[in-house]
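This report concerns only the one structure given below.
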There are 2 protein chains.
Amino acid sequence: MSENLHLAPLARRWSTLARLNHDDREAILTLPFRREVFAKDAYLLREGQQPAESALLLSGFAYRQKLLRDGGRQIINFLLPNEFVDLQAAVLGTADHNVQSLNRSEVAIIPRSALLELADARPNLRTAMWADKLIDSAIVREWVVNVGRRDSRARIAHLLCEIAVRLRNAGTNGDMFDFPITQEQLADATGLTPVHTNRTLQALRRDELIQLTSGSLKILNWKALREAADFDELYLHQS
Amino acid sequence: MSENLHLAPLARRWSTLARLNHDDREAILTLPFRREVFAKDAYLLREGQQPAESALLLSGFAYRQKLLRDGGRQIINFLLPNEFVDLQAAVLGTADHNVQSLNRSEVAIIPRSALLELADARPNLRTAMWADKLIDSAIVREWVVNVGRRDSRARIAHLLCEIAVRLRNAGTNGDMFDFPITQEQLADATGLTPVHTNRTLQALRRDELIQLTSGSLKILNWKALREAADFDELYLHQS
DNA sequence: CGTTAATTTGAGACCATTCAATTTCGGTGG
DNA sequence: CCACCGAAATTGAATGGTCTCAAATTAACG
């Protein structure tokens, strides 16, 4: 069997989204792909592009983003390892936003046709893909609420809660973890300025809710952070 | 054939999203459903609910919404006629947001099982549903950009552009149309206060970009409105 | 150990909010 | 047809959260 363990984490994740049998898992593991490495800020996908292949993030972070005429940038969602960059491209064709690598990342490039065949042949995987996309949508919906209605403190606290829980759901330690997101990126994700993001982070540190130093985030007081963020993880559809 | 023309507009809309043959269209038209009427502000779906049926908006508007602990409300998207309230519920089970009727609306309640069978049996309809959901996601992504990075004038202008174009794509006149959205709802959709929404609308009227009176919106200067909004309709995936 | 990126600090300006009151609109009943 | 009512829209003035524009400091990296 010419299996490749790079896709094993994806199989594991999709198993939590739909009931997969042995053949389903096998079909994932034998998907054809090639690996590619992207540097910090490199584009994985550009608005207007019509990719013939889909990209699966193997390691590192990435983010969906749109640029404004005036040069402003709004980050729309973060992508964690084993999430798809453009599962949607197969149907809509043209990309309507950009995806950039957040730090150095590793990606599996999979022919679109292989994924389409998978979806056609395997109802369970179809369900998993559907659930995958729906959760992604639910997260973006919560982001509208976050940037639309919460003040800077709650907004940043909420984003940190979300990332922590998503990492925990993915099997990483959610209380202390690598946090390669710069304050400028955090600002672009929350709709704030870098300056104000900085002051807000300082406040969260002063109040001993978090500890954030040299690319590592530690959550010191979960209860208070959730409280400050008005965070309810129902929308992540995991627990 | 016990067809019911209430579902014909849905068949027409889905035809623009995927290649549907005669049988596909027939399958849509013969879906079982019952009609229901909802008053202004009535809930079509509540967070935490696990509906056994899906609701399709036949006439009137609705909106997706989330409430905050402090009583604030953020509108996440508007639903136009012939859009589904909860096509996602079938997979995720629990609703993560609320849907309210914007004005008096009419809804087709369809058993979830019927939709699942449709998707299982008909690849083309599956594709249409997938595209449907993906466009919905794209709209919500643009909303993150809207509330995150645009000032009040651009924000409201953008929302008006989007609604006009979505209505035009649905076959309605996009230059002048019924606009039952109150300023309070507009405020909740843009993350602004009703007071500031009012002042911003007045500015758009003063500059003769729009005419908004007694539930009717007329776009007087498309070029200037698009300009003010930084509006690019690519994300609606229609033209 | 030099160089660039990232974070931090300060002060003033501004966009949007808050709070409260008033006016207009749409629908209803006398 | 007019009087009434609640909802929606409008106005004013003061407050405040976030932004802007620099400049300084610290961290990351080859």
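All values derive from a computational prediction rather than experimental measurement. Quick note: numbers below take in every heavy atom, side chains included, and nothing from hydrogens, waters or symmetry partners. Here is the naming used below: chain letters follow the sequence lines, and residue numbers restart at 1 for every chain.
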Query - Whole-Å distance separating the CG atom of B:Asp151 from the C1' atom of D:dG17 - result: 16 Å
Query raised in the report: Base, sugar-phosphate, or nothing for A:Leu192, non-hydrogen atoms under 4.0 angstrom?
Result: sugar-phosphate
**Report entry** Between P of C:dA16 and CZ of A:Arg149, the distance in whole Å
**Finding:** 13 Å
Requested in this report: Whole angstrom is fine here: how far is it from NE2 in A:His196 over to C1' in C:dC15?
Outcome: 14 Å
Query raised in the report: With a 4.0 Å cut-off on heavy atoms, is A:Arg150 in touch with a base, just the backbone sugar-phosphate, or nothing at all?
Result: nothing
Report task. Can you see which heavy atom on B:Arg112 is nearest to which on B:Gly93, and at what distance? Result -> NH2-O, 4.4 Å
Report task. Give the rounded distance in Å between these two atoms: CG of A:Leu217 and P of C:dT7. Result -> 13 Å
Query - Sugar-phosphate only, base, or nothing, as touched by A:Gly191 at under 4.0 Å among non-hydrogen atoms - result: sugar-phosphate
**Report entry** Minimum side-chain heavy-atom gap B:Thr94-B:Asp96 below 4.5 Å
**Finding:** no
Report summary line: Output for pair (B:Asp132 CG, B:Leu10 CG), nearest 0.5 Å, gives 8.0 Å
Requested in this report: Identify whether any heavy atom of B:Arg205 sits under 4.0 Å from a base atom; if not, whether one sits that close to sugar-phosphate; answer base, sugar-phosphate or nothing.
Outcome: sugar-phosphate
Query raised in the report: Is there a residue in residues 175-183 of chain A whose heavy atoms reach under 4.0 Å of DNA chain C, and which residues are they?
Result: A:Thr182, A:Gln183
Query raised in the report: Closer to the 5' end of DNA chain C via nearest nucleotide, is it A:Leu201 or B:Gly215?
Result: A:Leu201
Query - Residue met sooner reading DNA chain D from 5', once A:Arg153 and A:Val195 are mapped to nucleotides - result: A:Arg153
Requested in this report: For B:Asn198 and C:dT17, give me the distance from atom CG to atom C1', rounded to whole Å.
Outcome: 14 Å
Query raised in the report: Between atom CG in B:Asp70 and atom P in C:dT17, what is the gap in whole Å?
Result: 13 Å
Report task. Indicate, yes or no, whether a donor-acceptor pair under 3.5 Å links the base of C:dG10 to the side chain of A:Arg199. Result -> yes
Query - A:Gln202 CD - C:dT8 P separation (whole Å) - result: 5 Å
Query - Ring geometry between B:Phe177 and B:Phe179 (parallel below 30°, tilted from 30 to 60°, perpendicular above 60°) - result: tilted
Requested in this report: Would you please indicate yes or no on a ring centroid separation below 6.0 angstrom for A:Phe231 and A:Trp222?
Outcome: no
Query raised in the report: To the nearest Å, how far apart are A:Glu184 CD and C:dA5 C1'?
Result: 10 Å
Query - Candidates D:dT18, C:dA6, D:dA8 - which lies nearest the side chain of B:Lys40 - result: D:dA8
Query raised in the report: When you check the phosphate oxygens OP1 and OP2 of D:dT18, does a side-chain N or O of A:Thr193 lie under 4.0 Å from one of them?
Result: no
Report task. Take A:Asn198 and A:Gln202 through the side-chain hydrogen bond (donor to acceptor under 3.5 Å, both in side chains) test and state the conclusion after the steps. Result -> CA-CA 6 Å; A:Asn198 178 274; A:Gln202 286 180 52; 2.3 Å; yes
Requested in this report: Give the ring-plane orientation class for B:Tyr235 versus B:His158, where under 30° counts as parallel, over 60° as perpendicular and anything between as tilted.
Outcome: parallel
